[in-house]
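Structure, as structure tokens:
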Amino acid sequence: MPKINTKLDDIYILGIETSCDDTSASIIHNGKILSNIVATQKIHEEYGGVVPELASRAHQQNIIPVVDAAIKKSGIKKSAISAIAFTRGPGLMGSLLVGTSFAKSLSMSLDIPLIEVNHMQGHILANFIQDGDMTNPEFPFLTLVISGGHTQIVKVSNYFEMEVLGETIDDAAGEAFDKSAKILGLPYPGGPLIDKYAKMGNPKAFKFTKPRVDAYNFSFSGLKTNILYFIQKQEKENPDFVKENLYDLCASIQFTIAEILMDKLKNAVKNTGIKEVAIAGGVSANSEIRERFRRAEKDWQWKSHIPKFEFTTDNAAMIAIVGYLKYKEKIFSDISVTAQARYRL
Ligand code: KG4
Ligand code: ZN
């Protein structure tokens, strides 16, 4: 049985995240961030998407220097760490295996508890990291979880009780950004570039169709086809259409995606009566979505909770915060725990 820190008011958690193409490690002390190091793998850019085999190799190279850097930056000694939290899933199996095996070995060698974390729960509970002026949502709250692999509206009743009210039936919001960007000839991941170019464009320049989907579910595959056909048609008349209209195209695409997300969220708030609302996941780094979310406080009388930019895209601080919350409840994992590519909330 590993050492358990009985002083529950002095807990240092090392978080490790390797679910996709970012290798990350973080130290959190009693919920307060001390360090959060992220090594983003550039290798995938030239392939137009994440190549799983290359991702796991890069994790293998990055994991030790990244964990080392997170411990050094935090200013603590390795011996002060109370437990190791790691992403068990969902994600790419090869990538998850690197973080899982590393976390298991380190917890054994330091003789401290191991804590498995669901990556999506990490995105949501990133809203509880203490850093600067971040506000903590009150239970129950709704979260719009938007990432490269997921798009969900989740009702959060407490730290460990979450219910998915609706989700995408095809592409995730991040895929909608990245696939649209690919059609425009932009490199992977295209989401941040669409965001950047949209700032200089007119969001009403082009109109794209919004899907009709039941309840709180989403669909983005129709939008992608709509954009593709529209551009193919325009390029027949003007081969430079995309180049000449790039900023307006980005602004119009971003506007449509933001509208689709906000429409469903507004509905969920209206029907559930829950007015504490948070966003989470890589796409919540998007400036238009963040701005609309902020405006909703005034326009729709919500209390909006927006994580700091660095806690939106994949990072280990969100894994460490879940580790801290689980540690306080003494929820630990057995050393026989295995990575799980498909792992529901
Ligand atoms: O949460 P995340 O880092 O990884 C997953 O768990 O999937 O999300 C990555 C997704 C990518 O699709 C990326 O294009 C998108 O988040 N993303 C953005 C922005 N920053 C990241 N999409 C739109 N605007 C951004 N600023
Ligand atoms: Zn993620």
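We count ligands from 1, going down the list as the structure has it; atoms in each ligand are counted the same way.
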(message) So, applying side-chain hydrogen bond (donor to acceptor under 3.5 Å, both in side chains) with His123, which one of Asp314, Thr313, Asn118, Thr143 is it?
(response) Asp314
(request) Test Thr40 against every option in Thr23, Asp22, Asp21 by the side-chain hydrogen bond (donor to acceptor under 3.5 Å, both in side chains) rule and name the one that passes. (result)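 Checked Thr23, Asp22, Asp21 against Thr40; only one passes side-chain hydrogen bond (donor to acceptor under 3.5 Å, both in side chains): Asp22.
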What atoms of ligand 1 come within less than 4.0 Å of a heavy atom belonging to [X]?
X	result
Gly174	12 (O)
Gly149	7 (O)
Gly148	5 (C), 7 (O), 8 (O), 9 (C), 10 (C), 12 (O)
Ala285	20 (N), 26 (N)
His123	1 (O), 6 (O)

Donor on one side chain, acceptor on other, [X] and [Y], under 3.5 Å:
X	Y	result
His150	Glu167	no
Gln340	Thr338	no
Ser221	Asp171	no

(request) Report yes if the distance between the aromatic ring centroids of Phe332 and Tyr327 is under 6.0 Å, otherwise no. (result)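 Distance test on ring centres: under 6.0 Å, yes.
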(request) Report yes if the distance between the aromatic ring centroids of Phe139 and Phe141 is under 6.0 Å, otherwise no. (result)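 Here the rings of Phe141 and Phe139 have centres that are less than 6.0 Å from each other.
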(request) Would you kindly specify which portion of Asp178 sits under 4.0 Å from ligand 1, judged on non-hydrogen atoms: side chain, backbone, both or neither? (result)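 It is the side chain that gets close, since no backbone atom is under 4.0 Å.
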(request) Check each heavy atom of Thr313 against ligand 1 and say whether those closer than 4.0 Å belong to the side chain, the backbone, both or neither. (result) both
(request) Could you tell me whether Glu259 and Arg292 have a side-chain N and a carboxylate O separated by less than 4.0 Å? (result)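 The answer is yes: the pair qualifies as a salt bridge.
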(request) Flag the pair Lys199 and Asp195 as a salt bridge only when some basic side-chain nitrogen lies within less than 4.0 angstrom of an acidic carboxylate oxygen. (result)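 So Lys199 pairs with Asp195 through a salt bridge.
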(request) Pick whichever of Ile146, Asp195, Thr40, Thr312 has a heavy atom sitting closest to atom 26 (N) of ligand 1. (result) Asp195
(message) Checking one value in my table: which N/O/S atom of Asp314 lies closest to the Zn ion (ligand 2)?
(response)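 It is OD1, the N, O or S atom of Asp314 closest to the Zn ion (ligand 2).
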Does the residue [X] have a heavy-atom contact with ligand 1, meaning some pair of atoms that are separated by less than 4.0 Å?
X	answer
Gln254	no
His119	yes
Cys20	no

(message) How far is atom 15 (C) of ligand 1 from the closest protein heavy atom, and which atom is that?
(response)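 Nearest protein contact, heavy atoms only, for atom 15 (C) of ligand 1 is Val283 CG2, 3.9 Å.
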(request) Would you check if the Zn ion (ligand 2) lies under 2.8 Å from any N, O or S atom of His123? (result)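 Short answer: yes, at least one N, O or S atom is under the cut-off.
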(request) Answer yes or no as to whether an N/O/S atom of His119 is found below 2.8 Å from the Zn ion (ligand 2). (result)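 His119 does place an N, O or S atom closer than 2.8 Å to the Zn ion (ligand 2).
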(message) Contact between Ile64 and Phe102 at the side-chain level, heavy atoms closer than 4.5 Å - yes or no?
(response) yes
(request) Please determine if Pro189 has a nitrogen or oxygen closer than 3.5 Å to a nitrogen or oxygen of ligand 1. (result)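 Not met; the criterion fails.
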